[in-house]
A.B. asks: 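Could you have a look at this structure, given as structure tokens, before my questions?
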Amino acid sequence: MTEFIRRRAANAKNDILSGLTVALALVPEAVAFAFVAGVDPLVGLYAAFMIGLITSIFGGRPGMISGATGALAVVMVSLVAEGNAMGAAGEQLGLYYLFATVILMGIIQMLAGVFKLGKFVRLIPHPVMMGFVNGLAIVIFLSQLGMFMTVENGKEVWLSGTELWTMIGLVTLTMGIMFGLPKLTKKLPEALLAILVVSAIVIFGNLDVATVGSFIREGGGEGLKGGLPQFQFDIFEKVPFTWQTLKFIGPYALILAAIGLIESLMTLNLIDELTETRGNTNRECLAQGGANIVTGLFGGMGGCAMIGQSIINIKGGGRTRLSGIVAALALLGFILFASGLIEQVPIAALVGVMFMVVIGTFAWSSFRIMNKIPKTDLFVLILVSGLTVLFDLAIAVIAGVIVSALVFSWENAKRIRARKRFKDDGTKVYEIWGPLFFGSIKAFNDKFDVKNDPDTVEIDFVESRVSDHSALEAIFNLVEKYEAEGKSIKLKHLSEDCKILLYKASPKFREVIIEDIDDPRYHLAANPEEFPNSLSEYKF
């Protein structure tokens with residue numbers, strides 16, 4: 001037990017300091033995403049606190065940070081607007097519909113964990129992963145450019161003159177500290193120190209620059225000061241639990257759950273690579289779902305894993321659950337007791353931190369390998385990056401996986417081969433090489449010359465793999481053609497489950513299939529018990 005505690009406490013300093021840095025970075029992000037969703041800043045801050053705390057304690061990836069995210073906020077904005085329109089004159093119900101949707105979103109995510117759907121993240125190819133990382137880095141970068149703008153006469157315009165150069169100088173100083181400090185010593189958290197130094201310069205230098213406080217007030221908020229999250233009894237009064245309500249919030253909840261899980265599980269994979277450890281995807285699904293149910297009940301806007309803050313945490317030395325717990329509790333402390341101090345932190349310092357996150361997140365190696373990877377993989381990488389920027393993460397990843405799957409099927413469809421030879425007794429033998437599945441059926445059928453083949457034919461599948469229902473259909477049809485020509489055909493080296501399905505279809509196959517001790521031991525993707533009854537229609 002002593003050794004267990006010693007190992008856990010060895011990284012406590014790094015976890016605590018890294019957690020404090022993350023908490024500072026969470027404030028403007030949560031506030032900004034609350035504005036995007038059209039809700040009060042405290043709704044975003046409460047979500048960051050509750051989701052961050054619950055997933056840090058119960059999640060499947062120590063060191064990963066969760067909170068209110070932009071990927072979800074852009075979907076929530078139309079939900080809130082439509083919800084407001086559904087209320088009576090002057091009654092703003094959008095916020096309550098948002099809470100109800102977040103609760104349903106959490107239930108869906110927990111079901112994904114119960115049914116162990118988190119494992120399907122392994123189906124995401126590496127080019128999709130790289131595209132996701134690059135696209136997200138670009139999205140983070142573009143989101144920070146908004147901090148270089150101000151509102152004049154109701155329009156957003158770029159900063160100019162002294163304001164612009166002061167902003168650039170402070171951002172550059174922040175980045176310089178974060179870049180140079182680790183070269184001098186690795187014992188100090190560079191992001192936290194950079195924020196403190198730049199904040200001190202602004203406060204003691206009395207510089208007129210945008211701060212967290214001014215940012216909140218410009219967005220219509222009153223400040224960071226707030227109390228503990230309160231249970232939202234009004235949800236049950238304002239949102240009618242009817243089929244009409246479910247039809248309205250259901251699609252939003254499904255989209256939000258999908259985006260949240262995809263972003264969380266892909267961030268989990270990325271952190272796994274950075275730390276050379278392995279997280280638990282199904283546990284993360286359960287934790288994310290439970291966190292969203294709680295945050296919906298207590299007035300938060302919902303959220304998921306945050307790649308930017310997670311990388312800040314990992315780069316700052318955060319490795320255990322303590323770092324996420326500290327970040328969440330520190331954020332609550334800012335809301336309750338230190339709102340005045342946090343409101344004085346210059347936006348430029350936080351922008352500089354996020355720019356360094358962008359540099360650390362972007363997979364720069366993708367430029368180096370452009371000429372070394374297949375063109376199809378390069379296309380997928382660029383496609384996912386572009387779709388992440390233009391639309392959202394869910395669309396980008398799903399499109400990337402589909403394109404990768406189609407490319408894989410096309411490439412494997414071309415690998416089917418048939419080597420032909422004759423035995424001494426005149427029997428023609430077809431030795432099949434390569435996977436037999438829906439994509440390679442046409443090429444497989446083209447290998448045979450049914451009309452001109454001799455009276456006895458043998459097909460050897462020892463170097464092939466019969467993969468799906470389409471492959472079985474092709475074997476059925478081929479045998480039927482040879483039988484129709486009055487020719488004898490034998491099948492060798494089929495897997496056990498393939499033979500079972502053929503035997504079920506027709507007893508004739510007990511004569512057609514040659515049993516061999518060297519038959520393959522792999523299994524078909526299809527479950528024999530669930531195979532379509534239509535197979536029994538084949539009669540010989």
Side-chain angles (χ1 to χ4, degrees), residues 69-72 74-75 105 108-109 111-113 115-139 250-270 272-273 281-282 284-285 288 304-305 307 363 366 369-370 373-416 434-444 465 467-471 473-474 524-527 530:
T69 62
L72 299 181
V74 294
V75 178
M105 162 193 171
I108 295 171
Q109 290 179 327
L111 288 174
F115 291 107
K116 301 187 183 302
L117 301 183
K119 61 187 176 184
F120 288 106
V121 73
R122 73 184 68 168
L123 297 178
I124 299 174
H126 191 63
V128 175
M129 189 70 179
M130 291 186 75
F132 150 74
V133 169
N134 290 349
L136 214 51
I138 294 170
V139 169
Y252 281 109
L254 197 58
I255 293 169
L256 290 170
I259 294 173
L261 286 183
I262 290 172
E263 184 161 1
S264 296
L265 296 181
M266 292 188 73
T267 303
L268 183 147
N269 271 2
L270 182 63
D272 281 354
E273 291 181 10
T281 54
N282 292 315
E284 187 62 32
C285 291
Q288 291 285 341
C304 61
I307 187 171
S366 54
I369 63 174
M370 275 185 171
I373 61 175
K375 288 183 173 57
T376 51
D377 284 351
L378 180 60
F379 172 73
V380 169
L381 193 158
I382 296 172
L383 175 70
V384 174
S385 299
L387 291 177
T388 301
V389 175
L390 296 175
F391 298 101
D392 60 54
L393 178 64
I395 292 175
V397 172
I398 291 170
V401 170
I402 290 173
V403 171
S404 297
L406 291 174
V407 169
F408 175 81
S409 298
W410 178 258
E411 291 298 323
N412 278 275
K414 298 186 294 185
R415 292 177 183 171
I416 194 80
L436 183 58
F437 68 110
F438 69 90
S440 60
I441 297 304
K442 186 179 184 307
F444 171 75
R465 177 169 184 139
S467 301
D468 59 9
H469 180 198
S470 298
E473 291 277 0
L524 284 178
N527 184 340
E530 299 173 357

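Along the sequence shown, the residues carry numbers beginning at 1.
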A.B. asks: Enter the distance from Leu268:CG to Glu273:CD here, rounded to the nearest 0.5 Å.
C.D. replies: 10.5 Å
A.B. asks: Between atom CD1 of Ile382 and atom OG of Ser366, what is the distance when rounded to the nearest 0.5 Å?
C.D. replies: 9.0 Å
A.B. asks: Which heavy atom of Pro435 sits nearest to which heavy atom of Ser440, and what is that distance?
C.D. replies: O-OG, 2.9 Å
A.B. asks: Which pair of non-hydrogen atoms, one from Val128 and one from Val401, has the smallest distance, and what is that distance?
C.D. replies: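 Nearest heavy atoms, Val128 then Val401: CG2-N, 4.0 Å.
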A.B. asks: Within the side chain of Asn412, is there an N or O that forms a donor-acceptor pair under 3.5 Å with the backbone of Gly439?
C.D. replies: no
A.B. asks: Is there side-chain contact between Cys304 and Gln288, with heavy atoms separated by less than 4.5 Å?
C.D. replies: yes
A.B. asks: Can you tell me how far apart CE (Met370) and CG (Leu381) are? Round to the nearest 0.5 Å.
C.D. replies: 7.0 Å
A.B. asks: Side chains of Asn269 and Leu265, heavy atoms from C-beta outward: is any pair under 4.5 Å?
C.D. replies: no
A.B. asks: Which atom pair, heavy atoms only, marks the closest approach of Ser409 to Phe437?
C.D. replies: O-CZ, 3.3 Å
A.B. asks: Is there a side-chain contact between Thr376 and Val380, using heavy atoms and a 4.5 Å cut-off?
C.D. replies: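 No, every pair of side-chain atoms sits at 4.5 Å or beyond.
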A.B. asks: Compare every heavy atom of Ile307 with every heavy atom of Leu270, then report the nearest pair and how far apart it is.
C.D. replies: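 Answer, listing the atom of Leu270 first, then Ile307: CD2-CD1, 3.3 Å.
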A.B. asks: Within this structure, what is the CD1-OG1 distance for the pair Ile262 and Thr267, rounded to the nearest 0.5 Å?
C.D. replies: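 Ile262 atom CD1 to Thr267 atom OG1 measures 11.5 Å (nearest 0.5 Å).
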A.B. asks: For Lys414, is the NZ atom crowded, meaning more than 12 foreign heavy atoms sit under 6.0 Å from it?
C.D. replies: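 Yes.
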A.B. asks: Is the backbone N or O of Asn134 less than 3.5 Å from a side-chain atom of Thr388, with the two atoms forming a donor-acceptor pair by type?
C.D. replies: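 Not confirmed, Thr388 side chain does not pair with Asn134 backbone.
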A.B. asks: Could you please spell out the steps behind the side-chain contact (heavy atoms from CB on, under 4.5 Å) verdict for Leu72 and Met105?
C.D. replies: CA-CA 11 Å; Leu72 299 181; Met105 162 193 171; 3.8 Å; yes
A.B. asks: In the structure I gave you, are the side-chain heavy atoms of Val384 and Met130 within less than 4.5 Å of one another anywhere?
C.D. replies: no
A.B. asks: Show, in sequence, the C-alpha distance, side-chain angles and deciding distance for Glu263 and Val397, and conclude whether the side-chain contact (heavy atoms from CB on, under 4.5 Å) test is met.
C.D. replies: CA-CA 9 Å; Glu263 184 161 1; Val397 172; over 6 Å; no
A.B. asks: Closest heavy-atom contact between Ala443 and Ile416?
C.D. replies: CB-CG2, 3.3 Å
A.B. asks: I need the Ile108 CD1 to Cys285 SG distance, nearest 0.5 Å.
C.D. replies: 12.5 Å
A.B. asks: Could you state the interatomic distance from CG (Leu390) to OG (Ser385), rounded to the nearest 0.5 Å?
C.D. replies: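 Output value for this atom pair is 10.5 Å.
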A.B. asks: Could you tell me which non-hydrogen atom of Met266 sits nearest to which non-hydrogen atom of Met129, and how far apart they are?
C.D. replies: O-CE, 3.0 Å
